[in-house]
Amino acid sequence: MTALSQRLRPGGVGTRPRPPGLVVLAVALMVAAAFVPLGFVVVETAGAGWDTIRELVFRGRVGELLVNTGLLVAVTVPLCVVLGVGAAWLVERTTVFGSRLWAPALAAPLAVPAFVNSYAWVTVIPSLHGLFSGVLIATLSYFPLVYLPVLAALRRLDAEVEESARALGCGPWAVFFRVVLPQLRLAVLGGALLVALHLLSEYGAFAMIRFDTFTTAIFEQFQSTFDGAAGTMLAAVLVLCCLLVLLLEAVSRGRARYARVGSGTGRRAGRTRLGWRQLPAFAALTALLVLALGVPLWVIGRWLVRGGAGVWDGAEMLPALGQTLQYGLIGGVVTVVLAFPTAWLAVRFPGRFTKIVEGCNYITSSLPGIVVALALITVTINWLHPWYQTTTVVFVAYALMFLPRALVNLRAGLAQVPVELEEAARSLGRPPLVAFARVTLRLTAPAAASGIALVFLAIATELTATLMLTPTGTETLATRFWALTGELDYSAAAPFALIMVVVSLPITYLLFRQSQKVAGV
């Protein structure tokens with residue numbers, strides 16, 4: 001069967017196939033749910049009136065938060081880009097000693113939540129606070145978000161393009177900046193976008209070092225007075241910041257594509273011999289890994305030794321671990337199930353409608369967890385009171401926040417399942433649902449498992465929405481760790497930090513392996 005056969009359906013020769021009505025309905029319901037947080041901010045802001053908006057938005061406190069948040073993003077994102085691109089280039093394109101070990105090791109800092117990193121650095125330097133501290137902790141926590149896509153992109157680049165540039169007289173630096181770096185633009189922009197959105201939504205790391213951002217201010221407002229108007233105005237400004245970041249990334253990305261066209265196959269570029277620079281390169285990678293991963297692990301171990309056997313309280317840890325695993329596994333499965341109709345529609349029926357649907361999900365996921373939580377709290381209190389502070393609302397929040405993580409994996413998996421296989425099963429007498437389950441679902445299972453794993457990692461280390469939405473008395477590893485650090489009981493908090501890292505490390509390695517598969521390695 002040819003590609004043309006995929007467009008020929010019983011509706012007539014050459015007619016455009018229509019997706020099943022139930023699938024369209026499911027996708028429409030997800031889009032409607034996705035707009036709840038954004039709609040909440042818009043409605044609450046509009047209902048406050050101009051006088052209230054002017055009083056609460058145009059004031060010194062908002063200006064201070066805007067400057068803090070803006071400087072944090074403006075300084076941290078370029079640093080993450082420099083570290084991510086530099087580390088990826090050393091690992092992939094040079095003869096630095098132990099490159100195969102460095103490749104997964106530099107992704108490992110993703111297993112350490114930013115608020116655990118903050119806890120470690122506050123232990124080492126108790127006076128740590130302010131913008132510099134925020135930049136330090138955020139950079140060490142988030143540079144792998146740039147490193148991973150750049151590493152995958154470097155492995156896909158064709159060596160012939162660089163060799164042609166050298167043949168035209170370009171030196172090594174000219175080749176890197178004129179040929180290699182432009183081809184990394186999409187990977188760099190994607191990683192930079194993730195870093196920026198994490199900075200806008202992060203609460204625990206910055207609250208611990210007393211660095212005020214919009215997220216910390218909203219949470220403090222909610223905790224102290226539950227002042228809906230003040231919190232909503234801050235949330236509205238934060239949402240505008242998120243949308244501005246998305247717009248800047250889209251404009252910077254443009255419509256550029258970097259693909260090889262022509263006969264033959266591309267081959268990977270050779271490695272640059274470092275010579276006398278071998279030692280400085282190795283020292284730089286070692287220092288980066290020590291600061292990003294070694295310091296947190298050393299501090300956790302130090303507090304564990306200081307606390308002794310008494311800090312290992314199974315009566316506290318086992319319920320928190322069980323609750324984390326329950327939220328992570330169920331939340332991951334629910335999110336993947338909810339993402340499947342959108343992914344299937346995007347792959348089997350591509351078009352303007354599916355692009356709009358996907359865009360809506362990405363916009364909602366870019367909103368900080370605290371905004372999503374405030375929206376769901378307001379909706380449940382006013383219209384769905386029996387659901388207020390229930391586990392169902394927690395799973396809804398996780399699905400809204402992390403659906404794109406599942407969507408990306410499902411799309412990749414479904415794209416590799418030829419529709420002809422399902423049609424062949426039908427031609428052999430299998431009912432449509434049976435053919436779909438035995439062929440499409442079976443072949444998509446690895447991608448679904450990856451999506452569940454990535455959502456699990458996000459849920460296991462999520463703090464703000466979990467703190468605000470979980471039923472009274474329910475605690476996860478993250479919330480229990482946060483409660484103990486709030487009491488300055490760092491020894492008792494250390495086991496929870498260690499368990500979070502141990503649980504997250506296998507998922508982080510899976511993320512690294514996925515980037516390898518994307519690169520064809």
Side-chain angles (χ1 to χ4, degrees), residues 72-73 75-93 96 98-118 120-121 134-155 184 186-202 204-205 249 281 284-297 402 404-405 408-409 450 453-458 460-462 497 500-519 521:
L72 179 70
V73 173
V75 177
T76 304
V77 171
L79 283 176
C80 287
V81 169
V82 171
L83 289 177
V85 173
W89 186 79
L90 285 175
V91 169
E92 177 60 23
R93 290 300 186 87
V96 66
S99 59
R100 289 189 176 182
L101 296 177
W102 283 118
L106 289 170
L110 284 179
V112 182
F115 52 85
V116 173
N117 226 339
S118 186
W121 280 93
V135 170
L136 172 68
I137 291 167
T139 301
L140 295 176
S141 299
Y142 298 135
F143 82 88
L145 295 175
V146 179
Y147 164 78
L148 282 174
V150 170
L151 184 69
L154 280 171
R155 289 180 172 175
L184 299 177
L186 297 181
V188 169
L189 288 174
L193 174 64
L194 290 176
V195 173
L197 293 177
H198 275 77
L199 293 174
L200 292 175
S201 62
E202 178 60 41
E249 190 273 341
L285 293 179
T286 301
L288 180 59
L289 193 61
V290 167
L291 293 174
L293 189 62
V295 169
L297 293 179
F402 305 129
R405 300 189 182 215
V408 169
N409 285 276
S450 298
L454 292 177
V455 175
F456 174 90
L457 176 62
T461 57
E462 205 285 325
M500 275 191 286
V501 173
V502 171
V503 169
S504 301
L505 272 174
I507 311 301
T508 302
Y509 182 73
L510 173 63
L511 181 60
F512 169 75
R513 290 303 305 163
Q514 279 191 321
S515 70
Q516 303 283 294
K517 291 179 181 178
V518 170
V521 179

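For clarity, every value in this text was computed on a predicted model and none was experimentally measured. Residue numbers run from 1 in the order of the sequence given.
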Once rounded to the nearest 0.5 Å, what's the spacing between atom [atom1] of [X] and atom [atom2] of [Y]?
X    : Y    : atom1 : atom2 : answer
E462 : L457 : CD    : CG    : 12.0 Å
T76  : E202 : OG1   : CD    : 11.5 Å
S141 : F115 : OG    : CZ    : 10.5 Å
L297 : L293 : CG    : CG    : 4.5 Å
L79  : F143 : CG    : CZ    : 12.0 Å

Taking all non-hydrogen atoms of both residues into account, name the closest pair between [X] and [Y] and its distance.
X    : Y    : result
A107 : Y147 : N-CE2, 4.0 Å
M500 : A460 : SD-O, 4.2 Å
P296 : L291 : CD-O, 4.0 Å
L90  : V96  : O-CG1, 3.2 Å
A205 : S118 : O-OG, 2.9 Å
A138 : C80  : O-SG, 4.4 Å

L197 backbone acceptor or donor facing S201 side chain under 3.5 Å: yes
L110 and L148, any side-chain heavy atoms less than 4.5 Å apart: yes
pair W121-L140: side-chain heavy atoms closer than 4.5 Å: yes
Working for side-chain contact (heavy atoms from CB on, under 4.5 Å), residues L194 and Y142: CA-CA 9 Å; L194 290 176; Y142 298 135; over 6 Å; no
